[in-house]
Amino acid sequence: MPELAELRLTADYVNKSANGLKFVNIKKNPVHKGKDIEVPFKFFRISAESRGKELMLTLSDNDSSEKRHLLMTMGMSGHFAHTNTGGEKKHSHLMFAEKDGTTLSFVDVRRFGKWKWVDDWSPNRGPDPTTEYDAFTDNIIHNLDKAAFNHPIHTVLMNQSYFNGIGNYLRAEILYRLPHINPFASARDILRREPDIFVLCRDIPLQAYALGGGQLKDWESPFSTDPEPLRKFMRCYGNPNMSKRKDKNGRMFWYDSKWDEDALWDHYSGLPNPSAYM
DNA sequence: CGTCCACGTCTAC
DNA sequence: TAGACCTGGACGG
């Protein structure tokens, strides 16, 4: 998806676009299998906040203090676009129409994004490493005995119960910046002994955010930004000079080729390299 | 034409 | 731990 940085940019975009506007309804594209959305307010305001890879939209009644919360995920390609009503982009699936002729649309080519009414963030996802850093580190440190940490660090970094917001490009960039850490070594051991990794789980997403997010193939930054700084930031993910291997969940993991021997152990034995556990 | 690949979850054997 | 869910771009024949 869109990972942590892109979710936060998406929240910024919604807040900027919806600022001062009175919305009147939400229409769903019938091709999408998601639920229809009926808002019980005549006019409502919209604001947004992100936490890891989730986006919370708050719909506030213009004429009372009532609110409703719509929790969204962006899948692999979801983003928002503010256009004239009637001029929505292709693959718009939720269209928030405003009273003066514009529409804020959730655009999602692959339709992996989802939405639902909620009262709170999803309980099975951990704290945001950038906005709730202390809760993020505590949640990991206090659960290191759990089976979730019986895996190499490169797979555990994708576990949203502990690393909410870290996705495939962020894990590659985080681990690449820790040259002394074997990405195929035990997550439990690494997290116990290398506090640097917590700091990078905060700072690398913050850097990506500051640079305007991942303008990769399926995700378009809602803000026009210079792609060059982000290209420089992306040192490992997608770099043809790096090694790559499918992880146990079928996702391509990009890493420094100096770890190729350890990767082979991981691949052929189905067990982590014993030397990685010393 | 076809096959492979993509910033992510889900759920069903 | 495979698939399923989707569209579309890149690349091969």
Side-chain angles (χ1 to χ4, degrees), chain A residues 1-11 13 28-35 50-55 71-80 89-94 106-116 118 121-126 128-130 147-148 150-152 154-176 201 204-209 211-223 225 227 230-231 233-240 242 244-255 266-267 270-271:
Chain A
M1 171 184 293
E3 306 180 18
L4 188 153
E6 292 75 28
L7 266 287
R8 205 156 148 187
L9 288 158
T10 300
Y13 181 79
K28 186 185 77 70
N29 183 337
V31 74
H32 200 288
K33 292 172 180 169
K35 284 202 184 86
S50 70
R51 178 179 185 260
K53 279 190 254 192
E54 290 187 319
L55 183 78
L71 186 63
M72 304 188 69
T73 53
M74 300 290 108
M76 293 287 254
S77 53
H79 59 279
F80 277 79
K89 299 210 306 187
K90 195 178 175 186
H91 303 296
S92 291
H93 295 300
L94 269 190
F106 175 57
V107 183
D108 185 9
V109 175
R110 296 183 69 186
R111 286 184 235 155
F112 293 170
K114 294 183 167 61
W115 54 82
K116 61 178 176 183
V118 297
W121 302 103
S122 294
N124 59 340
R125 304 187 70 118
D128 183 301
T130 66
N150 294 352
H151 302 280
H154 76 278
T155 58
V156 172
L157 274 187
M158 297 274 276
N159 184 337
Q160 300 300 297
S161 296
Y162 298 101
F163 296 91
N164 189 5
I166 306 302
N168 209 13
Y169 89 76
L170 284 172
R171 75 160 163 182
E173 297 306 318
I174 289 166
L175 290 169
Y176 186 70
C201 286
I204 295 299
L206 283 178
Q207 268 186 44
Y209 169 72
L211 297 174
Q215 291 171 310
L216 281 91
K217 191 159 59 77
D218 287 339
W219 197 82
E220 181 182 336
S221 174
F223 304 104
T225 51
L230 193 100
R231 205 188 57 72
F233 161 89
M234 213 68 90
R235 295 183 203 163
C236 183
Y237 181 82
N239 180 341
M242 298 293 151
K244 59 184 154 97
R245 173 176 301 284
K246 287 221 175 171
D247 69 16
K248 80 167 179 62
N249 300 315
R251 308 299 303 281
M252 198 64 82
F253 172 52
W254 294 78
Y255 62 95
D266 191 49
H267 181 68
L271 295 166

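Just so you know, these numbers use all the heavy atoms, side chains as well, and skip hydrogens, waters and symmetry mates.
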Expressed as a whole number of angstroms, how long is the span from A:Asn150:CG to C:dT1:P? 13 Å
Watson-Crick or G-U stems of DNA chain B, 3 or more pairs, under 3.5 Å, by first number: B:1-6 with C:7-12, B:8-12 with C:1-5
Taking atom P of B:dA6 as reference, at what distance in whole Å does atom CD of A:Glu6 sit? 16 Å
For C:dA2 versus B:dC5, give the span between their P atoms, rounded off to a whole number of Å. 15 Å
Roughly how far apart are A:Leu4 CG and A:Tyr169 OH, rounded to 0.5 Å? 8.0 Å
What is the distance from CZ of A:Phe163 to C1' of B:dT9, rounded to the nearest Å? 18 Å
Examine C:dC6: is either OP1 or OP2 under 4.0 Å from a nitrogen or oxygen in the side chain of A:Lys33? Give yes or no. yes
Take atom P in C:dG8 and the same atom in B:dC10, then report the distance between them in whole Å. 22 Å
What integer number of Å spans the P atoms of C:dG9 and B:dT9? 24 Å
Take atom CZ of A:Arg125 and atom P of B:dT9, then tell me their distance rounded to the nearest Å. 5 Å
Salt bridge flag under 4.0 Å for residues A:Asp247 and A:Arg171: yes
Can you measure A:Lys248 atom NZ to C:dG3 atom C1' for me and round it to whole angstrom units? 15 Å
Would you check if A:Phe112 stacks with the base of B:dT9, given a 5.5 Å centroid limit and a 30° plane limit, both strict? no
Per the atom types in the model, does the base of C:dC6 pair as donor or acceptor with the side chain of A:Arg110 at under 3.5 Å? yes
Spell out, as yes or no, whether a donor-acceptor pair under 3.5 Å connects the side chain of A:Asn239 to the backbone of A:Arg235. yes
For the residue pair A:Phe80 and A:Phe106, does the interplanar ring angle fall in the parallel (under 30°), tilted (30 to 60°) or perpendicular (over 60°) class? tilted
Reckon A:Lys244 touches a base, only the sugar-phosphate, or nothing at all at heavy-atom distances under 4.0 Å? nothing
Would you indicate which nucleotide in C:dG8, B:dC10, C:dC6 comes nearest to any side-chain atom of A:Lys90? C:dG8
Interatomic distance where NZ belongs to A:Lys114 and P belongs to B:dT11 [whole Å]: 8 Å
Is the number of heavy atoms from other residues, nucleotides or ligands under 6.0 Å of A:Lys28 NZ greater than 12? yes
With A:Arg51, which residues qualify under salt bridge (charged side-chain N to carboxylate O under 4.0 Å, His left out), at least two apart? A:Glu132
Just how far, in rounded Å, is P of C:dC6 from NE2 of A:His91? 13 Å
Just the rounded figure in Å: distance from P of B:dC5 to CZ of A:Arg245. 14 Å
Residue list, ring-ring contact (aromatic ring centres under 6.0 Å, His included) with A:Trp121, at least two apart or on another chain: none
